[in-house]
Student: 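Pasting a structure below so you can have a look.
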Amino acid sequence: MDTVIVLLNRDLRVHDHPALAAACAEARRVVPLFVLDPSVPAGRRSGFLAESLADLRRSLRERGGDLVVRRGDPVAETVRLAREITGGADGGSTGVVEAVHVSADVSALARRRERRLAEECERHRMGFRAFPGVTVVPPGAVTPSGGGDHYRVFTPYWRAWQTHSRREVLPAPARVTLPEGLDPGVPPPGHPHRPHELFRGGETVARRRMRQWLKYCVADYAAGHDDLAGNRTSKFSPYLRFGCLSPLELASLAEDGDDFVRQLCWRDFFHQVTMAFPAINRADYRPRGLTWNDDAEALRAWKEGRTGLPIVDAGMRQLLEEGWMHNRARLLTSWFLVKRLRVDWRAGADHFFGLLLDGDVANNYGNWQWVAGTGNDTRPNRTVNPVRQARRFDPDGEYVRRYVPELRNVPPKTLHEPWRLPSGVRGYPPPLVSPA
DNA sequence: CGACGCTTACG
DNA sequence: GTAAGCGTC
């Protein structure tokens, strides 16, 4: 083949990238393309995205190529670039674009884009191929043996997923050759919205962290991942969100980290649910006729981390400050909004989606519906006692004190229940509702 | 082969 | 309570 365009999206890496690897193996020239779509602003994720793109450009340049950046509608820009390279009435052909590659994704938006791209490719007599790479096991690759297009319950999926055969982990391409004279375009500038040094974007940082964590930390994951104050989770989620890391490579390197691999399986699980139910971010997966309180004041207090329940407020403030929240805190904060304040899960999920560096449709909305009882949980009326959970997972109150400075001088015994102090705590609100 | 019911298991 | 998996008809 002469030239292939690889339209990148949430696969910003060179290692284990099937769409890129196939292009490099099959075509003389490869155009790695990223299109910044102004109709889908990255918001809080824009800084992380900018860093990931800058890093990807460095990696591609080291291999003799480049990252080509355009702005506009990804489908229109891909076609425009293909025609520019292949040459039109004004001549100047630098190659013949024969195919467009993408990494297959699951959200309604992504799938609509893929369908449009496939149509446009056909119209312009180019091939179109969607490759795996966003999940460990491609969505739809394992289905219930009794029929059905996807698994609705996690545990049977986990069993099937573990025994399913996997593709090989692919090396980064040794060389990437661009067509001559192509304008590489200008990547987005760095952005003030990089809330925390913990999350510098890009594959290079991600791989360094992956190696370190697999070597020194994964063994402690099972015992430590629920410890709210300790940094004992991987914090890979933003890197997985943007594809700076390959989930397949992670899963195969973490052979002995069963509990960690299980979390990667949850990610795959929600991706295959989203593929089968693309309205997951708006519609109840399992309608249960629930009614919600339209309580703007309570919602605002929750968003700002002033519900008066310390463990909830700590989590919500970690989200505001860092663009990330500990998994256990995500459970407690979302449970409190949905089950205690009885606010619609969509309002909470949209808030998380806007602020989380790792915010993606499948995981965010899938987990919110799980908590709300409209999702894949087989026990939709599960109850959680946030004070008991706080005592268990933040026994010294270190997590609460870190994010809720008003409570720093409250003794550990009452830290998780400051309303028990006879005079309360100055500057900290009384609880909006009783916690359980 | 598919509908149905039974058993098992479920964050 | 509900889904998966399997055996049976």
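Computed from a predicted structure; not experimentally measured. Only heavy atoms go into these numbers, but all of them, side chains included; no hydrogens, no water, no symmetry mates. Below, chain A is the first sequence line, B the second, and so on; all start at residue 1.
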Student: Check this one for me: any side-chain N or O of Arg286(A) less than 4.0 Å away from OP1 or OP2 of dA3(C)?
Tutor: yes
Student: Nearest whole Å is fine: how far is dC10(B) C1' from Asn381(A) CG?
Tutor: 15 Å
Student: Over 60° means perpendicular and under 30° means parallel, so classify the ring planes of Tyr403(A) and Tyr399(A), tilted if in between.
Tutor: perpendicular
Student: Please confirm whether Phe269(A) and Tyr151(A) have ring centers closer than 6.0 angstrom.
Tutor: no
Student: Ring centroids only, cut at 6.0 angstrom: are Tyr157(A) and Phe270(A) within range, meaning strictly under it?
Tutor: no
Student: Any side-chain N or O of Tyr151(A) less than 4.0 Å from the OP1 or OP2 oxygen of dG5(C)?
Tutor: yes
Student: Mind checking Thr378(A) for me? I need base, sugar-phosphate or nothing, with any heavy atom below 4.0 Å counting as a touch.
Tutor: base
Student: Using salt bridge (charged side-chain N to carboxylate O under 4.0 Å, His left out), reason through Arg116(A) and Asp73(A) one step at a time and then give a plain yes or no.
Tutor: CA-CA 11 Å; Arg116(A) 282 170 51 223; Asp73(A) 169 53; 2.6 Å; yes
Student: Could you tell me the separation between the CZ atom of Arg152(A) and the C1' atom of dT2(C), rounded to a whole number of Å?
Tutor: 10 Å
Student: For residues 365-376 of chain A, which residues have at least one heavy atom under 4.0 Å from DNA chain B?
Tutor: Trp370(A)
Student: Output the rounded distance in Å from CZ (Arg159(A)) to C1' (dT8(B)).
Tutor: 9 Å
Student: Do we see a donor-acceptor contact under 3.5 Å between the side chains of His326(A) and Gln318(A)?
Tutor: no
Student: Using the benzene-type ring in the case of Trp, are the ring centres of Tyr365(A) and Trp368(A) under 6.0 Å apart?
Tutor: no
Student: Are any protein N/O atoms closer than 3.5 Å to N/O atoms in nucleotides 7-9 of chain C? If there are, list each pair with its distance.
Tutor:
none

Student: Strictly by ring pair (Phe, Tyr, Trp, His ring centres under 6.0 Å), give each pair with a member in residues 109-140 of chain A just once, sequence neighbours left out.
Tutor: His101(A)-Phe131(A)
Student: What is the distance from CZ of Arg379(A) to P of dT8(B), rounded to the nearest Å?
Tutor: 20 Å
Student: Can you tell which of Glu304(A), Glu406(A), Glu322(A) makes a salt bridge (charged side-chain N to carboxylate O under 4.0 Å, His left out) with Arg317(A)?
Tutor: Glu406(A)
Student: Taking OP1 and OP2 of dG5(C), is either one under 4.0 Å from a side-chain nitrogen or oxygen of Ser145(A)?
Tutor: yes
Student: Once you round it to whole Å, what is the distance between P of dA4(C) and CH2 of Trp158(A)?
Tutor: 18 Å
Student: Answer yes when Asp259(A) and Arg262(A) have at least one side-chain N-carboxylate O distance shorter than 4.0 Å, and no when they do not.
Tutor: no
